[in-house]
Amino acid sequence: MTTDPRVLRQSEWDRWYRSLELAFGGVAETRPERELWADLTETERSIGVWDGEDCVGTAGAFTFSVSTPGGTFVPAAGVTMVSVAATHRRRGILTSMMRRQLDDVRSWGEPLAVLTASEPEIYGRFGYGVATHQMSVEIDSSRVRIAAPPGADDVRLRFVSVAEGAEACEEVYRRTIGTRPGMLARTPGWERLPLLDPPSEREGASPMQCVLAERDGRVVGYARFHNKPEWSAAGPEGSISVRHLDALDPVAYAALWRFLCGIDLTTTVRSRNRPVDDPLLQLVTDIRRCGVRVRDSLHVRLVDVGAALEARRYTAPVDVVFDVEDAFCPWNTGRWRLTGDAKGASCERSRDAADLALSVRELGAAYLGGVTLSALAGAGRVRETREGALAEASVAFGSDLAPWLPHGF
């Protein structure tokens, strides 16, 4: 066999995708899931490694734009469906696919590649840095209350079917895109993703339910969730699992959480993916009973350092020379002068003395403003060579709100 990847043919998708399923445990997805991913897969941006007739390696790249600090959207390849067959590990297949893919992304003129990782340590060696984190909560709703801001009682909540509420929910999502860095502008077809409701993801709970929040006849928020009834000798101990929740204003947001934490016969509300600075943390009466945990989410890779740093805005004026190390994409290696502010930026090759030395992985981690260059320096991953440059750049790269990836891909 050869480890050289080649572009996927449409006729090969079923075998290619089955190889992916086997690599992730072998459990076949439901028909709606497979149909959706078959429709969303961009075969011309997908690659596979083959051993005869057998697919032993898979990788794809969706066409995305990701929001960045300052509200700009930057083209990004959404790296996805990466797998290596268990029978073909330790043969360089993953490295060959990452090599081919990043070369392709560069040829497409997309300055960023982004991904979510099954294991967070895998992709650092290919230059990806952890740029966003997600918070999970497990609220003891029998003890925790949600503070109701003025006007909460003016929000009308009503149940609708998931299908009936789909268009209104998607419109709310579209209006929230760009309010935080790290969010993805969804192309047609992606509105189907949050509607998937495979029984395997319910963990014994109800089919997905939907509640709309309305004010003056207009939808201003929604929550989609599962209800899992459970009982003990002491009484009801049901739980709510929140799948999606968005709102256009703080009052509607609080009203939705108050509703979820007050559903009869339940004592727990869980959510797996919220921003790490979610306003929910300021609404609960007892954070100690909210079971807060944080994990990595979106990993970012600068494929073209100059184009990527020029494409975003900066919260404070910055003029700094980076000495960048990038062994996997050597075209990025060298010194780059970044000058910019809230209105725009330029980033060009420079012969000036470096102010900060770092690898492309650190630039990826800091790119969306959720990880500071100062924190990375504290871990020994950024080195300051001009006094004051670290603080200047760290502030400029920051974001008022923590970046957040609302859904995987």
Side-chain angles (χ1 to χ4, degrees), residues 66-72 74 76 111-117 120-121 123-124 127-135 178-183 274-279 281-282 292-302 305-306 308-326 332 335-345 347 354-405:
V66 60
S67 59
T68 65
T72 59
V74 178
L112 298 178
V114 298
L115 58 82
T116 60
E121 64 179 344
Y123 293 97
Y128 287 85
V130 178
T132 79
H133 294 81
Q134 65 186 49
M135 178 181 70
T179 55
R180 290 178 179 271
M183 301 182 76
R274 304 305 307 168
V276 295
D277 61 347
D278 197 314
L281 299 176
Q282 312 306 322
V292 175
R293 296 187 64 184
V294 175
R295 57 163 288 176
D296 66 291
S297 183
L298 191 67
H299 297 227
V300 172
R301 213 279 185 212
L302 275 63
V305 165
L309 294 181
E310 279 190 358
R312 57 154 291 180
R313 304 293 180 260
Y314 297 88
T315 59
V318 61
D319 185 353
V320 65
V321 177
F322 292 110
D323 188 1
V324 179
E325 182 274 323
D326 190 349
N332 286 324
R335 281 170 285 173
W336 296 85
R337 186 178 206 104
L338 170 67
T339 58
D341 54 27
K343 296 180 180 180
C347 187
D355 301 319
L356 296 173
L358 72 177
S359 81
V360 73
R361 183 181 178 188
E362 282 67 60
L363 281 177
Y367 189 76
L368 296 176
V371 178
T372 67
L373 290 169
S374 293
L376 293 167
R381 293 172 55 185
V382 176
R383 181 168 58 88
E384 183 182 56
T385 56
R386 173 176 65 83
E387 186 176 358
L390 178 62
E392 174 190 341
S394 192
V395 170
F397 270 72
S399 171
D400 181 48
L401 292 176
W404 178 50
L405 178 68

Are the side chains of [X] and [Y] in touch, meaning some heavy atoms are under 4.5 Å apart?
X      : Y      : result
Asp323 : Trp336 : no
Pro403 : Leu298 : no
Pro69  : Arg313 : no
Val74  : Glu310 : no
Thr385 : Leu356 : no
Val318 : Asp341 : no
Met135 : Asp278 : yes
Phe397 : Thr315 : no

Specify the closest pair of heavy atoms between [X] and [Y], including all atoms of both residues, with the distance to one decimal.
X      : Y      : value
Ala308 : Leu302 : CB-CG, 3.7 Å
Met183 : Gly178 : SD-N, 3.9 Å
His133 : Val294 : CB-CG1, 3.7 Å
Asp355 : Ala389 : CB-CB, 3.6 Å

Qualifying salt bridge (charged side-chain N to carboxylate O under 4.0 Å, His left out) pairs with a residue from residues 392-403, counting only residues at least two apart or across chains: Arg386-Glu392

Can you check side chain to side chain contact (heavy atoms under 4.5 Å, CB included) on Val305 and Leu363, steps first, answer last? CA-CA 9 Å; Val305 165; Leu363 281 177; 4.3 Å; yes

With [X] via side-chain contact (heavy atoms from CB on, under 4.5 Å) - residues at least two apart:
X      : result
Arg337 : Asp319, Val321, Thr339, Ser350, Asp352
Ala131 : Val300, Leu368
Ala375 : Thr372
Glu325 : Ala327, Ser359

Show the numbers, then the answer: is there a side chain to side chain contact (heavy atoms under 4.5 Å, CB included) between Asp277 and Arg180? CA-CA 11 Å; Asp277 61 347; Arg180 290 178 179 271; 2.6 Å; yes

Supply the atom-to-atom distance [X] [atom1] to [Y] [atom2], rounded to the nearest 0.5 angstrom.
X      : Y      : atom1 : atom2 : answer
Arg295 : Thr116 : CZ    : OG1   : 8.0 Å
Ser374 : Glu384 : OG    : CD    : 8.5 Å
Leu373 : Arg381 : CG    : CZ    : 10.5 Å
Arg383 : Leu358 : CZ    : CG    : 10.0 Å
Gln134 : Trp404 : CD    : CH2   : 9.5 Å

Would Leu309 and Tyr367 satisfy side chain to side chain contact (heavy atoms under 4.5 Å, CB included), going step by step from the backbone distance to the final call? CA-CA 8 Å; Leu309 294 181; Tyr367 189 76; 4.2 Å; yes

With sequence neighbours left out, the residues meeting side-chain hydrogen bond (donor to acceptor under 3.5 Å, both in side chains) with Ser399 are none

Verify, without hydrogens or angle tests, whether Arg335 (side chain) and Ala354 (backbone) share a donor-acceptor contact under 3.5 angstrom.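 Between the backbone of Ala354 and the side chain of Arg335 there is no qualifying donor-acceptor contact (under 3.5 Å).
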
Strictly distance-based, threshold 3.5 Å: is any side-chain N or O of Thr68 a donor or acceptor partner for the main-chain N or O of Thr72?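 Present.
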
Criterion salt bridge (Lys or Arg N to Asp or Glu O under 4.0 Å) on Asp326 and Arg301, from CA distance to verdict: CA-CA 11 Å; Asp326 190 349; Arg301 213 279 185 212; 2.8 Å; yes

